[in-house]
Amino acid sequence: MHRIYCSFLNCHIPFFISNISFFPLFLFLYIIFLFFWTMFIAATANFYNFMDGINGIAALSGVICFLLSALFNVFYSSIDPFTFISLVAAGACMGFLPMNFPSARVFMGDVGSLFLGFLFASVVLVNSFSINEFLVYISFLFPFYCDEITTMAVRLYSGDNILHAHRKHLYQLLVNEMGISHLKVTIFYAMVQAVYGITMLIFYSFSDTLLLIMVLFLFFVLFAFFSFAVRQGKKIPFFIRKSP
């Protein structure tokens with residue numbers, strides 16, 4: 001997507017220079033793109049950090065999202081340095097996983113989770129040649145985005161201060177309120193993440209932006225319904241609560 005913007009600039013800078021009256025439009029578009037990518041990178045880094053609250057969830061999600069990113073480049077785009085960076089990141093997460101999952105002896109911490117979120121956002125930024133590719137890339141980490149967005153919506157609706165610390169993410173409710181093990185919740189998120197990502201990879205071959213948006217929106221709606229059901233105390237057949 002950033003390359004679409006660069007192409008736009010290369011094609012239209014002469015026009016803007018020769019028609020100075022259009023310079024405000026040029027400046028406005030530049031600010032919009034800059035603001036979008038700044039917010040996307042900051043949000044992704046922080047979302048990843050917020051989701052690193054139970055054993056293995058950040059590391060296993062890192063393996064999946066970076067591996068899917070590398071595969072997407074290999075099969076649909078081009079092999080570039082960020083393809084190898086994605087493979088290295090996936091390997092690093094895989095190497096860290098035995099020390100953090102299912103029992104945690106070492107923790108990733110803010111430095112690790114923020115870096116992984118920033119790195120993934122950078123991969124998306126560099127490799128998004130089109131809207132379609134951007135949609136596919138964000139699907140690789142979509143459960144994290146869904147959990148954070150639905151949690152923020154619930155907290156805003158409840159009148160909570162979203163700048164204050166909390167323990168109201170879906171994965172936290174599953175573990176802390178429903179008594180489900182870290183192992184089951186982490187595997188559940190990984191399964192959802194893999195299904196979302198692989199499905200979007202398949203639909204990408206149709207080259208239909210509207211279709212990709214509809215599929216991604218359906219994924220979000222399904223996740224939101226599941227999240228709200230858990231928050232209302234509904235029984236979840238997939239999980240078995242631990243004995244008190």
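What you see is a predicted model; the values in this text were computed from it and never measured.
At least one side-chain heavy atom of Met200 sits under 4.5 Å from a side-chain heavy atom of Leu216. Considering only heavy atoms from C-beta on, Val215 comes within 4.5 Å of Leu211 through its side chain. Within the 4.5 Å cutoff, no side-chain heavy atoms of Phe140 are placed close to those of Ile64. Residues Val175 and Val185 form a side-chain contact, since some pair of their non-hydrogen atoms from C-beta on lies under 4.5 Å apart. Between Asp147 and Phe144, the closest side-chain pair of non-hydrogen atoms is not below 4.5 Å.
Nearest heavy atoms, Asn49 versus Ser113: OD1-OG, 2.8 Å. Pairing each heavy atom of Met178 with each of Leu174, the nearest pair is CB-O, 3.4 Å. Considering all non-hydrogen atoms of both residues, Pro102 and Asn55 come closest at O-ND2, 3.2 Å. Of all the heavy atoms in Cys65 and Ser69, the pair that sits closest is O-OG, 2.7 Å. The minimum heavy-atom distance linking Met108 with Phe96 is given by the pair N-CZ, 3.5 Å. Considering every non-hydrogen atom in both Gly62 and Cys93, the closest pair reads CA-SG, 3.9 Å.
In this structure, Tyr196 has its ring center closer than 6.0 angstrom to the ring center of Phe219. In this structure, Phe188 has its ring center under 6.0 Å from that of Phe226.
Applying the 6.0 Å contact sphere to OH of Tyr76 captures more than 12 heavy atoms from other residues, nucleotides or ligands. Residue Phe220 places its CZ atom among more than 12 non-hydrogen atoms of other residues, nucleotides or ligands, all under 6.0 Å distant. More than 12 heavy-atom neighbours from other residues, nucleotides or ligands sit within 6.0 angstrom of CE on Met99.
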Exercise. Are Tyr137 and Asn73 close enough, and set up right, to give a side-chain hydrogen bond (donor to acceptor under 3.5 Å, both in side chains), and what steps lead you there?
Worked result: CA-CA 10 Å; Tyr137 273 111; Asn73 278 2; 2.3 Å; yes

For this session: Apply the test side-chain contact (heavy atoms from CB on, under 4.5 Å) to residues Leu212 and Leu135: give CA-CA distance (whole Å), side-chain angles for both, the deciding distance (0.1 Å), then the verdict.
Result: CA-CA 7 Å; Leu212 292 175; Leu135 294 173; 3.9 Å; yes

For this session: Could you give me the CA-CA distance, side-chain angles and deciding distance for Leu156 and Asp160, then say whether side-chain contact (heavy atoms from CB on, under 4.5 Å) is met?
Result: CA-CA 6 Å; Leu156 286 171; Asp160 295 347; over 6 Å; no

Problem set entry | side-chain contact (heavy atoms from CB on, under 4.5 Å) assessment of Leu60 paired with Tyr189 | CA-CA 9 Å; Leu60 188 55; Tyr189 269 78; over 6 Å; no

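Separating the OH atom in Tyr48 from the CG atom in Leu141 is a distance of 6.5 Å, to the nearest 0.5 Å. Rounded to the nearest 0.5 Å, atoms CE (Met152) and CD1 (Ile162) are 4.0 Å apart. For the atom pair Trp37 CH2 and Leu125 CG, the distance stands at 5.0 Å (nearest 0.5 Å). Interatomic distance, Leu222 CG to Cys146 SG, rounded to the nearest 0.5 Å: 9.5 Å. Taking CZ of Phe35 as the start and CD1 of Ile31 as the end, the distance is 11.0 Å to the nearest 0.5 Å. A distance of 7.5 Å separates CZ in Phe84 from CG in Leu87, rounded to the nearest 0.5 Å.
A chain of hydrophobic side-chain contacts below 4.5 Å, direct or via other Ile, Leu, Val, Met, Phe, Trp or Tyr residues, connects Val126 to Phe75. No path of Ile, Leu, Val, Met, Phe, Trp and Tyr side chains, each step under 4.5 Å between heavy atoms, connects Phe228 with Val221, placing them in separate hydrophobic clusters. Using a 4.5 Å cut-off between side-chain heavy atoms of Ile, Leu, Val, Met, Phe, Trp and Tyr, with links allowed through other members, Ile187 and Val63 fall into different hydrophobic clusters. Two different hydrophobic clusters hold Ile138 and Phe217 under the rule that ILVMFWY side chains link at heavy-atom gaps under 4.5 Å. In the hydrophobic clustering of this structure, Val106 groups with Ile57; members are Ile, Leu, Val, Met, Phe, Trp, Tyr whose side-chain heavy atoms approach within less than 4.5 Å, directly or through other members.
A distance-only check finds no donor-acceptor pair linking the side chain of Ser139 to the backbone of Phe142 [under 3.5 Å]. The main-chain N or O of Ser61 is found under 3.5 Å from a side-chain atom of Gln193 such that the two form a donor-acceptor pair. Here the side chain of Gln172 pairs a donor or acceptor atom with the backbone of His169 at under 3.5 angstrom. With hydrogens and angles ignored, the 3.5 Å screen pairs no side-chain donor or acceptor of Thr44 with any backbone N or O of Ile41. A distance-only check finds a donor-acceptor pair linking the side chain of Thr83 to the backbone of Asp80 [under 3.5 Å]. No donor-acceptor pair under 3.5 Å is formed between the side chain of Thr186 and the backbone N or O of Leu183. A donor-acceptor pair is defined here as one N or O able to donate and one able to accept, closer than 3.5 Å; such a pair exists between the side chain of Asp208 and the backbone of Leu210. Ser227 contributes no side-chain N or O that, together with a main-chain N or O of Phe223, makes up a donor-acceptor pair within less than 3.5 Å. No donor-acceptor pair under 3.5 Å is formed between the side chain of Asp52 and the backbone N or O of Ala58. Between the side chain of His182 and the main chain of Ile54, no donor-acceptor pair closer than 3.5 Å is present.
Phe40 and Phe36 have parallel rings, their planes meeting at less than 30° on a 0 to 90° scale where 60° marks the start of perpendicular.
Of the listed residues (Tyr204, Phe66, Phe134, Phe129), just one forms a ring-ring contact (aromatic ring centres under 6.0 Å, His included) with Phe72, and that residue is Tyr204.
Thr151 and Arg231 share a donor-acceptor pair across their side chains, judged by distance under 3.5 Å alone.
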